[in-house]
Protein chains: 2
Amino acid sequence: MDDVFKALDKSKQLRILNAAYQEFAEKGYKQASTNKIAREAGIGKGTLFYYFTSKEELFHDLVEESFRIADEQYLSKIDFSETDFFRRLKQTSELKWAVYQEQPHALRFMAQVFIHMEEYELPEELTVKRQAAEETWGKILTENIDFSKFREDIPQETAFNFIRWTIEGYRVELEQRIKMMGLDKLSNQTLEPYYDEFYGYLDTLKKIYYKPGLNE
Amino acid sequence: MDDVFKALDKSKQLRILNAAYQEFAEKGYKQASTNKIAREAGIGKGTLFYYFTSKEELFHDLVEESFRIADEQYLSKIDFSETDFFRRLKQTSELKWAVYQEQPHALRFMAQVFIHMEEYELPEELTVKRQAAEETWGKILTENIDFSKFREDIPQETAFNFIRWTIEGYRVELEQRIKMMGLDKLSNQTLEPYYDEFYGYLDTLKKIYYKPGLNE
DNA sequence: GACCTATTGACCACTCTGGTCAGAAAGAGT
DNA sequence: ACTCTTTCTGACCAGAGTGGTCAATAGGTC
């Protein structure tokens, strides 16, 4: 990432980064088109290569940047002293949402890199960072959680997976619904009803998977 | 679809169809490459265009064929007199699996067509078939199901969605795990443990979402 | 041999790719 | 007004890949 690029308006930087995140997340490294990234970002093709010397460099910068964002805006803000599973889940969802509002495709890009890591032959430095990140991500919903609140007639791991899958399924469906609405800009205003829906689902999950009598 | 093609060895037909299903399902119509389909199917490029006159005709034939398969091998075999939700789920999963073993990518292709239908401008005849199919697919897990078995302190629709999402999450994870193993051929033999795991999960879901005392 | 069908890959015109570069545009300093 | 520097651009390049064609084969049957 050029110093030139870092000296730009923050908003222009974000526009370019997001265009790139989206294209790479959607198509993968090889299929992604620098032409489309430039067009989507609203800059000339030459300008893109003025900021980033090559497609590969752009990609590596995105990897690094997305790791940094995940770290600074998400992982480091998680309150690991919260031992209640569902409050942890709520908290991390809110943090993720905050990231999403600024950089809608950064975390999706990162996930894509995680999954297809082996194809990319990243420089060693990034591979190291990635392994550290992978370890941390596994702990987000387990570290210091009081699992004794879970009902005992269902294996803990099964309950954990079921909750994960349910939330993920809801997330996918929500994404679909929102895409259908075709909004340009997602304000907190328009999404308020979805917060309620989501929190309602969390309560239901708690009722299902916690021991009876723990519903404060 | 040419008569020439239909006269081929069944196994050769399947090889070509599956290669095409996979490519289209993965990349969508425009991004799919006829070159890759031919190479993957192990036939010359000229041969592919000898069987199918154009990329578009190939695609339309696949749509038609996948609808036919879904109908004959799946939808029409569902026993709608089964009113128990979980037995219905088990039965339909087994049917889907049977289809998957012959045509691994046919149903995935069909799902892709469903989602991106509007971009494709299919001939009217296929649009009609598609609407009928969409209606039927919505009924698979609801038609003639005895929902009174579900516990009453959770909204029926919520319970239904949670189960759907859990199953779907498991399916995705299973797919991931199997891809990691990198098997060429999935025999019933190697997958036996997964049946048990799946049926175990179904029992757990029943315990969760049915009224207490209904676990025969 | 002749005849027919099945199969092929070199080839075509065309689009798109990542990347370059001469020069336009915009400031800044005088 | 003039110059110097930095920012920005799209026409342009060679190369790869596209859907589709077709003369040339190979193989079987009479």
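Everything numeric in this text was worked out from a predicted model, so none of it was measured. Here is how names work: the chains are called A, B, and so on, in the same order as the sequence lines, proteins then strands, and each is numbered from 1.
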Interatomic distance where CZ belongs to A/F49 and P belongs to D/dC13 [whole Å]: 18 Å

Between P of C/dT20 and CZ of A/F52, the distance in whole Å: 16 Å

B/Y50 side-chain proximity, nearest of C/dT5, D/dG20, C/dG19: C/dT5

NZ (A/K96) with more than 12 external heavy atoms under 6.0 Å: no

Distance-only donor-acceptor test, A/K55 side-chain atoms vs C/dG19 base atoms, 3.5 Å: no

Among C/dT8, C/dT20, D/dC8, the nucleotide that comes nearest once only the side chain of A/K45 is considered: C/dT20

Lys/Arg-Asp/Glu bridge criterion (N-O < 4.0 Å) met for B/R177, B/E197: yes

Touch class at under 4.0 angstrom, heavy-atom based, for A/A38 against every strand present: nothing

Nearest-angstrom distance from the residue atom OH of A/Y51 to C1' of C/dG18: 19 Å

Proximity to the side chain of A/S54 - top-ranked nucleotide from D/dG19, D/dC8, C/dG19: C/dG19

First encountered from the 5' end of DNA chain C, between A/Q31 and A/G46: A/Q31

Rounded distance (Å) that lies between atom C1' of C/dG18 and atom CD of A/E23: 13 Å

Polar side-chain atom of B/R88 near backbone of B/I140 as donor-acceptor pair, under 3.5 Å: yes

Backbone of B/F49 reached by a side-chain donor or acceptor of B/T53 within 3.5 Å: no

5' precedence on DNA chain C between B/I43 and B/K30 (nearest-nucleotide basis): B/I43

Atom pair distance, as rounded to whole Å: CG in A/L48 and P in C/dC21: 17 Å

Nucleotide D/dT18, atom P - distance to CD1 of B/I37 in whole Å: 10 Å

Closest listed nucleotide, where the reference is the side chain of A/K12 and the choices are D/dC8, D/dT9, D/dG20: D/dC8

Distance test, side-chain N/O of B/N35 to OP1/OP2 of D/dT18, below 4.0 Å: yes

Atom-to-atom span, CZ of B/R39 to P of C/dA10 - whole angstrom: 13 Å

Check: B/Q22 main-chain N/O paired with B/R108 side-chain donor or acceptor under 3.5 Å: no

Nearest-nucleotide pick for B/T47, side chain only, options being C/dT7, D/dG20, D/dT9: C/dT7

Interatomic distance where CZ belongs to A/F5 and C1' belongs to D/dT6 [whole Å]: 17 Å

A/L8, nearest nucleotide to its side chain (from D/dC8, C/dG18, D/dG20): D/dC8

